[in-house]
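Below, read A as the first sequence line, B as the second, and so on, with proteins coming before strands; counting in each chain starts at 1.
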There are 2 protein chains.
Amino acid sequence: MSDLFTPAAFADPNSGPLYLQLHRRIAEAIAAGDLRPGDSLPSEREMAALTGLSRVTVRKGVEALVASGQLVQKRGSGTFVAPQVERLEQALSLLTSFTEDMQRRGMQVESRWLARGLHTPAPEEVMALGLGANDRVARLERVRSSDGVPLAIERASLPARLLPDPETVDASLYAVLEARGNRPVRAVQRISAANLGPKDADLLGVATGAAGLRIERLSYLPSGQVVEFTRSLYRGDAYDFAVELKLAPEAERTS
Amino acid sequence: MSDLFTPAAFADPNSGPLYLQLHRRIAEAIAAGDLRPGDSLPSEREMAALTGLSRVTVRKGVEALVASGQLVQKRGSGTFVAPQVERLEQALSLLTSFTEDMQRRGMQVESRWLARGLHTPAPEEVMALGLGANDRVARLERVRSSDGVPLAIERASLPARLLPDPETVDASLYAVLEARGNRPVRAVQRISAANLGPKDADLLGVATGAAGLRIERLSYLPSGQVVEFTRSLYRGDAYDFAVELKLAPEAERTS
DNA sequence: CAGTGGTCTAGACCACGGT
DNA sequence: CCGTGGTCTAGACCACTGA
């Protein structure tokens with residue numbers, strides 16, 4: 001890895017911006033295994049000196065690698081190749097709870113509560129839950145971690161009628177619902193990707209702008225009543241959702 | 001929107017870094033509707049002058065908004081609030097083709113080919129497709145657009161035995177497979193989120209670092225033979241995948 | 001305490017867009 | 001042509017880490 005930063009090829013014919021050249025060099029060194037997880041890079045000032053670039057340019061070159069989770073920077077300490085994050089795979093077509101899911105894998109689950117109580121519903125919640133004018137809403141907002149690593153932010157809203165005492169929810173929301181005979185049997189999810197804002201990124205312990213999976217879920221009782229409206233943000237680098245597909249039947253494809 | 005940049009509150013008690021304060025101000029103005037899609041912001045130099053910040057700091061404040069697609073910057077022209085991107089919703093549990101899916105919505109579909117031909121397989125492809133030592137692989141790599149807007153990058157690999165003439169694929173891969181009696185009936189997908197690298201971001205017409213949905217798919221024939229190994233990148237801001245969930249049966253939850 | 005990343009500045013040149 | 005965003009520099013101070 002010694003000559004990674006030897007300036008040489010930074011003699012800029014037309015290989016594009018300097019910070020992109022640096023970005024590419026480091027990314028390739030990681031991909032090739034010349035830089036291994038846990039390895040430390042030279043300090044920004046050193047890299048600047050070695051390459052002949054300014055520190056600002058070095059930072060810009062490193063920036064995208066930090067955002068995408070390939071590098072980790074620690075103030076006062078240094079810049080390191082990110083440790084391998086073991087991706088968790090989760091079946092997307094079964095309605096399971098986070099807690100149950102993790103326990104089945106033998107993993108430790110922790111929840112840090114950000115909010116938990118009864119509130120006046122926001123318009124979005126009124127729509128999603130089909131609330132009336134005077135109904136109230138139970139809100140559960142927490143960071144889900146496994147073995148000390150934060151994995152997801154979960155913001156759940158339920159009609160207060162179905163969960164009048166949100167403070168009693170400890171680990172598994174579904175366990176509480178089940179005890180009250182209100183466990184959902186069906187749900188619809190919408191999945192998309194979004195860059196994490198400063199606040200959410202901080203909660204998940206990743207860099208601002210890192211990619212996250214945004215999942216919106218509506219869960220239903222057998223009666224068709226909506227139980228739960230949940231918006232979650234999963235760390236994009238730590239989660240894989242798996243789905244099984246079947247061929248669309250001809251009948252539906254010709255309409 | 002006039003006093004958005006009046007410096008006032010940039011008198012830095014301890015409201016955090018200046019670029020984050022600027023970021024927050026703009027994000028809130030967009031959320032509140034004070035800045036509407038298509039509106040133009042002052043030039044970076046103007047914002048710097050108005051706020052009393054340096055241009056570098058202004059750029060840093062704007063950066064994350066651009067990466068997440070809320071702002072669009074055009075060199076030589078200016079900085080604008082991004083037009084509303086109409087999100088496409090797609091059912092994730094049906095095995096449909098991009099082409100058929102879009103045509104059913106009455107949308108124009110274009111493909112720009114990046115590569116199309118027979119190659120010696122990469123190790124990853126050997127594994128996924130279950131190839132032998134001397135098998136070759138058909139690669140189809142293209143950018144999928146609808147109404148002129150690039151939506152996804154699709155990189156498909158198939159055993160050459162099932163698609164000896166990849167050059168004949170025009171719009172729909174599945175149509176060609178069906179003609180040969182090789183249309184898949186089942187598939188498994190894995191979904192995650194990732195920041196787009198400079199190259200892919202450019203192909204999709206978004207900023208480097210924007211969040212993308214990464215989907216890996218393995219499709220099978222009725223015989224169990226793998227037909228297709230496809231890695232796709234969808235624009236995170238333009239796509240919503242929908243899934244319906246059912247309650248996990250007790251039998252499976254207790255193992 | 002010395003060294004690290006995090007923030008910020010003032011100024012410069014370039015490539016491109018629209019007039 | 002002028003104004004825009006895109007790149008780049010040299011230097012500064014801060015908050016934090018680790019010895």
Show me, pair by pair, the donor-acceptor contacts under 3.5 angstrom made by side chains of residues 196-203 of chain A, not counting sequence neighbours?
from	atom 1	to	atom 2	distance (Å)
A:Asp200	OD1	A:Arg155	NH2	2.8

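- With C:dT9, D:dT9, C:dT7 as the candidates, the nucleotide lying closest to the side chain of A:Arg59 is C:dT7.
- Between A:Asp202 atom CG and C:dG6 atom P the separation is 13 Å, expressed in whole Å.
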Identify all side-chain donor-acceptor contacts of residues 71-79 of chain A below 3.5 Å with residues at least two apart in sequence or on another chain.
from	atom 1	to	atom 2	distance (Å)
A:Gln73	NE2	A:Glu44	OE2	3.1
A:Gln73	NE2	A:Thr79	OG1	3.2

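- Residues passing the side chain to side chain donor-acceptor pair (under 3.5 Å) test with A:Thr230, sequence neighbours excluded: A:Glu228.
- One interatomic measurement links the two molecules: CD of B:Glu44 to P of D:dG6, which rounds to 6 Å at whole-angstrom precision.
- When distances are taken from the side chain of A:Val56 to each of D:dT9, C:dG6, D:dC8, the shortest belongs to D:dT9.
- In terms of phosphate contacts, A:Tyr19 brings a side-chain nitrogen or oxygen within less than 4.0 Å of OP1 or OP2 of D:dT7.
- The separation between A:Arg55 atom CZ and C:dT7 atom P is 11 Å, rounded to whole Å.
- As rounded to whole Å, 10 Å separates atom P of D:dC8 from atom CG of A:Leu22.
- Each end of the helix from C:dC1-D:dG18 to C:dG18-D:dC1 gets its own rotation axis from five pairs of C1' atoms, and the angle between them is 10° to the nearest 10 degrees.
- Between B:Lys60 and C:dC8 there is no side-chain N or O to OP1 or OP2 distance below 4.0 Å.
- In this structure, B:Leu18 atom CG and C:dG6 atom P are separated by 17 Å, rounded to whole Å.
- Among the nucleotides D:dT7, C:dT7, D:dT4, the one closest to the side chain of B:Ser43 is D:dT4.
- In this structure, CG of B:Leu53 is placed 16 Å from C1' of C:dG11, rounded to the nearest angstrom.
- Side-chain N/O atoms of B:Thr57 include one lying less than 4.0 angstrom from OP1 or OP2 on C:dT9.
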side-chain hydrogen bond (donor to acceptor under 3.5 Å, both in side chains) between B:Arg214 and B:Ser232, intermediate numbers included:
CA-CA 6 Å; B:Arg214 191 204 284 129; B:Ser232 304; over 6 Å; no
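- Take A:Tyr239 and apply the side chain to side chain donor-acceptor pair (under 3.5 Å) test, not counting sequence neighbours, and it matches A:Gln90.
- Legend: residues meeting side chain to side chain donor-acceptor pair (under 3.5 Å) with A:Ser157, ordered by chain and number and at least two apart, are A:Glu125, A:Arg231.
- Remark: the B:Arg45 side chain and the D:dG5 base include a donor-acceptor N/O pair separated by less than 3.5 Å.
- Partners of B:Arg144 under the side chain to side chain donor-acceptor pair (under 3.5 Å) rule, at least two apart in sequence or in another chain, are B:Thr99, B:Ser111, B:Glu154.
- Of the residues in residues 64-80 of chain A, those lying under 4.0 Å from DNA chain C by heavy-atom distance are A:Gln73, A:Lys74, A:Arg75, A:Gly76, A:Ser77, A:Gly78, A:Thr79.
- Listed by chain and number, the residues in a salt bridge (Lys or Arg N to Asp or Glu O under 4.0 Å) with B:Glu89 are A:Arg190 (sequence neighbours excluded).
- Checking each of A:Leu88, A:Ile153, A:Leu213, A:Leu204 against A:Arg235 for a side chain to side chain contact (heavy atoms under 4.5 Å, CB included) leaves exactly one that passes, namely A:Leu204.
- Note: CG (A:Leu20) to C1' (D:dC8) measures 13 Å, nearest angstrom.
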